[in-house]
Amino acid sequence: MIYKQLLWCWILILGVWVGAWGQVSVRGKVSIRETGEALQSVSVVARSLVGDGGIVGFAHSDENGFYVIDDLGADVFELRFSAMGYEVERHSFSGLSQDDRIIWDVTMAVTSKKMEAVIIEVQKPIVQRGDTVIFDAAAFAKGNERVLADLLEHIPGIRVDDQGAVWVGYQEIKKIMVEGEDFFGSNYQTLSTGMPAYPIEKVELLNRFTEHKLKQGLEESDQKALNIVLKSGYKVKWFGNATLGAEPVRAGKYEIAADLMDVEGKFKTYLNMDLNSLGKSRRASMVQLMDTESAVVSPFSAAETMFSADSGPQMQRGDRFVEGADRKLSKSLIFAPSAKLKLNLMLFYDDDRDDWQMELHELLNATDSVLIRKEGYFNRRHNRMGLTNLNMQFEPAEGHMFKSKTLGHLNSFQGYSVITSGEGDANWQASNKRHGYEQQFEYAWRVNADQFLQIDARIMESESPQWLVYGVRANSLHLKQDSVSQSGYYGLRFRGWNAHYLRNTTNGGQLELKIGSQRHHEVLKVDSAAENHQVDRDYFEVEHNRKWDRFSISGRLLGKHLYGELSSEEKGFDRWTLDAGLKSSIAFDDTHRLTGSYTYASSEPMLLDLHQSMLLAGYRSRRKGTAHYNHTSTSTWVINHQAGGWSSDFLVNTLFLAVLYHQQIGMDTWIYQDFSVSEKIWVKGSYYISIQSTMDYYLKPISSNLKLELSTNQSRLISALNGSDPGPSNLTSYRIGLDLKSGFNGVFNFHVGGHGNVAIFRGKSDTESRNYFGLCFVDFALNLNERIQSGINFEWCFSNIMDHYTGKPYLLDFNFRYLVIKNKLSFGAVGKNLLGASAFVESWEDERGILTSNYKFAGRMLLLSMNFRI
Amino acid sequence: MKKLLLFLLSALLGSQVLCQEKYGHRITYEMVLNFDGHQVYGAELFVGQLDAMFLYKLNDTGFIAEVVQSEVGHDGAFSFDLVDTTQYFIVSDWVGKSIIHKEQIPGEQRFCLVEEQMPVVQWQMTGESRMIQGFSCDKATGSFAGRHYTVWFTDQLPVRFGPWKLHGLPGLILEAYDDDREVEFYAKTIAPYSGLDSKLDDFLIRSQMAGYSVMDRVEYNNKFKVYLDNLGRRMVTKFGRGFQVKVSSSDIKTIERNDL
């Protein structure tokens, strides 16, 4: 009975619903006006006359000229009758009721008008032209992009990391240009993290990018770069954006950022300002402009190690642990008075201070005892850096180019560390200054289509006075007067030249020759002890490769001649080394490739004591205790297989790497006042083997990508403590990662996954330890509409040693943005560490003992910000 | 029998064309297949009031479908991709509600004509509009052969035929792409053309003279499935003992995702 009642109710409801949705319908006949014959295949389109004017119904006339359009979704509309060879007929209807059925016959007149030919230029979202892939920014923009990095994240195959570095697949790009202009060189992160996204029309991915214009089409390059093409309106005026942010509860938390640029005319300018107290440091990208040869060497190894340590564990984002402030100003000015001459002046200033805390807990197996150390660290690093770089490029004639680079830099560093232990507090304070310059000249000649010649010369000088102060039981940030202090000095003078010849050979191969000579003079002082040494290096390099349709092979030979003298030794040194390598690759098709290589490398087999804390290892001096292994000779095998492409559903990449260290010199890290480890170890026969595989599979039914990562590493390590005999120990690790990332078009997207690592250590005495670490994460993005966008990041960490600590393993961040005026004004909020996690614990067990690091998270934070565009 | 039907159809088409086709257009398209890479085809659509012919050709060599990618997975599964590059023309007849599609016979170097019903795409108007090269275009979406397409068409050119088999709209399609952006059509030129009748006759008669066999879509798909099964068997027999091979045809990428 009850079912019957329900059935009747349902029929009644359905009837009411259907009745309420009754629609207008139109029908009629179309005929030729001149003859009265029925006209078939006429397009009849009903278009609304209110709202967006969209099509609300359409039909085609049949062989009798009849047409029917039912269920018209509007009561005010226009009917448009059109057919090839006939005049268009229109009629408007209004004031109709819901159930009206209109009969409307039409006659159409033959027209003599004939259509002209039309060329259509449609903008496609992805276009490939040669080696360049062009992405239409509008097709990939979702409306929530603030800076260039946000837009790049939405382009398939491109990824941007926390520091603004841009990756295409597994390869980092070389640079970002704007309208073909290279504003910041390798410091392109200034652009990716600062340049506003809204003026961008296209992103061009330059595959096979060649740094040198004259090498184009000749060099076999696998480097990539981006060129940003602006919308036409922004090529003729200044534009930019700005952000203001403040934390309402915790005083002193702020963010002020602005980027302004102008690419019009002969003068092109980019200005960047980034002031924040959020632990966001932008200095690293500036340092890349400086040559690695000019890096400062410090005799104060222990303090340097302490200050250069990571602020947080590698598994985590660094800014979660740092309380700090960064003030950065950048300017790039490009002046091109003619097509042949171009000058680029870059100016940078950065003042970067960060504080971070951690606890270290160690159980160390010394020779005949166990050392227990528990220390708390409060570290402060303060870097200030000014840098100016002037590049000049002059092309006097086609195929000829002169280049020069003039770089000056001024840098100061202050590091402060308070170490709290059971034996009392200790303060370390280290500081150094550094100033120098570099001058480079280059001449390049594209001899013909198949030959290229380049000659360059470089001089570089830098000085770095340094100080180290060590005090016990100090208070606050001030040292006691009985502190012990040391002073040091490092000076570098470099002179060098290189010649480079490149030629396409007639058999489809390529020959590359390089020769060069370098003079490297260093001065080292610690207190009154001084040491001078000079190392000269001459080298030659020959590389030849051949390429067939899908197969290539290349060989390389590098010879180095090192000679020089030390002030502390009467005899000089004179040595030759030879490196060789062989590489081959086969491409089965565009997306399926196998590459293999073997390399034998012999580093300069030289290890000379300079003084207490310095070694001359190879070409230049190094600190002792840098955890750096200087391998005198190695054999390396690499096999890489890739199937699928980034645009395909399936992609798998597998890498096999094996390194055999024929001989190596170990310089151990851990140097303390109450014990020490061996500073030099000569060993033979250690190795490293790694297999890594990543698989991506796009699940179309759920529009999501499933990623599986598998890897295993095995290495034979060498360690020694307090002068004990070095011996082999083995480390085997496994890693598995799985994640699923959605790519929905709608308001909601997610990324969920996790990874786990297991490390098994077997020591000299057959002791075995196992550590595991895992991390799971869930990210949600909720973009309700163009105005409101938000995201939540949740992480959960687990490990076999975390239970010993009180730190919560849960992390929660969120971001929210509300667009008030499109392309003008928006408000945002960023929350970090909202669950109040206090510490992140990492532990390591090996031959030395158990080392546990307890990193302090930066405090809970909520930043409110306002962004406006100029 | 089917050859006879084809001949009759050809004759019928010709007679209708002569009656109706005073006006027509030739539209060139760029047809892009982003299956595994970026392949660009040159395509032409000849349209009249009641008939259309779509021609397309890879702007590169490689007209023969071939195994272009194969791999052995961890579980012993063997998969491969085929590139669908063999079709030459698609003739659409509105009156007869039929389509004749020139295809390559799976696994053979010969071609065939596949007869099928003209698909009825249920187009949904989205209400969005934009200008393309001076033409006011409306946006519509619809599903055909396993893909969901977005098209921009203009009713300023009252053509009921579109590229491939995307028919039924009240205007010419200037841009079409599926949700995965694997299949894209972009109009390049539009010009008046009145030679469709002779072009249709020419293609169909030449096809008949070439002795192309005729089959319907179901028969063709079955042939394709048999071809894949045979291919798998040939592979299986070439591997040694203890190596189990599963052949999967699910990864084959074609414009039409017909169930195989």
Problem set entry | Those residues that, when tested against B/K165, pass salt bridge (Lys or Arg N to Asp or Glu O under 4.0 Å) (two or more places apart) | B/E116, B/E256

Exercise. Around atom CZ of A/R33, are there more than 12 heavy atoms of other residues, nucleotides or ligands at under 6.0 Å?
Worked result: yes

Exercise. Just how far is it from atom CD of B/E128 to atom CD1 of A/I55, taken to the nearest 0.5 Å?
Worked result: 12.5 Å

Exercise. Given that the side chain runs from C-beta out, which part of B/D155 has a heavy atom under 4.5 Å from chain A: side chain, backbone, both or neither?
Worked result: both

Exercise. Can you check whether A/V42's main-chain N or O pairs, donor with acceptor, with B/R160's side chain at less than 3.5 Å?
Worked result: no

Exercise. So with a 6.0 Å cut-off around CD1 of A/I586, is the heavy-atom count from everything else above 12?
Worked result: yes

For this session: For residues B/D138 and A/R47, report the shortest heavy-atom separation together with the two atoms involved.
Result: OD2-NH2, 2.8 Å

Problem set entry | From B/L50 atom CG to A/E63 atom CD, the distance as rounded to the nearest 0.5 Å | 9.5 Å

Exercise. Relative to chain A, which segment of B/L157 carries a heavy atom at a distance below 4.5 Å: side chain, backbone, both, or neither?
Worked result: side chain

Exercise. Residues in ring-ring contact (aromatic ring centres under 6.0 Å, His included) with B/F153, at least two apart?
Worked result: none

For this session: Write down the atom of B/Q156, the atom of A/R80, and the distance for their closest heavy-atom approach.
Result: CA-NH2, 4.1 Å

Exercise. When rounded to the nearest 0.5 angstrom, what is the spacing between CE in A/M84 and CD in B/Q49?
Worked result: 4.0 Å

Problem set entry | NE2-CH2 distance between A/H60 and B/W94, expressed to the nearest 0.5 angstrom | 6.0 Å

Seminar exercise, completed: Answer key: most heavy-atom pairs under 4.5 Å with chain B among A/A59, A/S48, A/S41, A/A83 is A/S41

Exercise. Side chain, backbone, both or neither: which part of B/F135 has a non-hydrogen atom closer than 4.5 Å to chain A?
Worked result: side chain

Exercise. Which heavy-atom pair separates B/G168 from A/F58 by the least distance, and what is that distance?
Worked result: O-CE1, 3.1 Å

